[in-house]
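What follows is a single structure, written as C-alpha cells, with notes after it.
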Amino acid sequence: GINAEYMVNIPKARNTYCARCHKHNKFKVTQYKKSAESKQAQGRRRYDRKQQGFGGQSKPILRKKAKTTKKLVLRIECGVCKWKWQVPIKRTKHFELGGEKKRKGQMIQF
C-alpha cells in the first residue's frame, strides 16, 4: 500500500480556518467514531419488516471483505465557537493522535 507501512501521527490541536468565525482559530482534533445505529431509521424498519416470518435471511450478508483499512476521518472542533467539522484523510493501518514527535539527529536517551 501507499502508506500502510508507517505510523500516521497527528497533533491533537491545529490552527485552521473556521467557517463560522470567518478566521483562523485553534481547533481540537479527535478521531471520528460511528454512533450507535438508530432503530427508527427507515432502512432498519424496512429490514426488520422484511426479516419477519418464514423465509430465512432476506438480504445478502457481505462476506468477501476487500479492504484491510478504513479511511480515517478527523473531527475538528473550533475552540472559540465550538463549530464542528470532519476532515477525511488517507487510509492507514497505524494511527495515533498527539503521539511523540519524531526528531532528527537527537541523542538517544536512556
Assess whether atom CD of Q57 is packed by more than 12 heavy atoms of other residues, nucleotides or ligands within 6.0 Å.
yes
Hey, could you give me the CG/NZ distance between L62 and K64, rounded to the nearest 0.5 Å?
9.5 Å
Taking atom CD of E37 as the centre, report whether more than 12 heavy atoms of other residues, nucleotides or ligands fall under 6.0 Å from it.
no
To the nearest 0.5 Å, what is the distance between NZ (K84) and OG1 (T30)?
9.5 Å
Smallest heavy-atom separation, P11 atom then L97 atom, equals O-CD2, 4.1 Å
Measure from the side-chain N and O atoms of R75 to the backbone N and O of Q86, and report whether any donor-acceptor pair falls under 3.5 Å.
no
d(L74 CG, Q31 CD) to nearest 0.5 Å is 7.5 Å
Spell out, as yes or no, whether a donor-acceptor pair under 3.5 Å connects the side chain of Q51 to the backbone of S58.
yes
Do the ring planes of W83 and F27 sit parallel (below 30°), tilted (30 to 60°) or perpendicular (above 60°)?
perpendicular
Check the pair I10, V29 against side-chain contact (heavy atoms from CB on, under 4.5 Å), reporting the backbone distance first and the verdict last.
CA-CA 9 Å; I10 280 166; V29 181; 4.2 Å; yes
Supply the atom-to-atom distance T69 OG1 to H94 NE2, rounded to the nearest 0.5 angstrom.
11.0 Å
Going by heavy atoms in the side chains, are I76 and K28 under 4.5 Å from each other?
no
Donor-acceptor contact below 3.5 Å, side chain K65 vs main chain K67
yes
Answer yes or no: is there a side-chain heavy-atom contact under 4.5 Å between Y17 and H22?
yes
Verify side-chain contact (heavy atoms from CB on, under 4.5 Å) between F95 and N9, making sure each step is shown before the conclusion.
CA-CA 6 Å; F95 170 76; N9 182 16; over 6 Å; no
Rounded to the nearest 0.5 Å, what separation is found between the OG atom of S38 and the CZ atom of R44?
10.0 Å
side-chain contact (heavy atoms from CB on, under 4.5 Å) between D48 and K39, worked out
CA-CA 9 Å; D48 289 343; K39 289 295 256 182; 4.2 Å; yes
Gap separating the NZ atom of K71 from the CZ atom of R91, nearest 0.5 angstrom
5.5 Å
Heavy atoms of other groups near K12 NZ, more than 12 under 6.0 Å
no
Full working for side-chain contact (heavy atoms from CB on, under 4.5 Å) between R14 and K26:
CA-CA 6 Å; R14 70 164 64 170; K26 191 129 181 157; over 6 Å; no
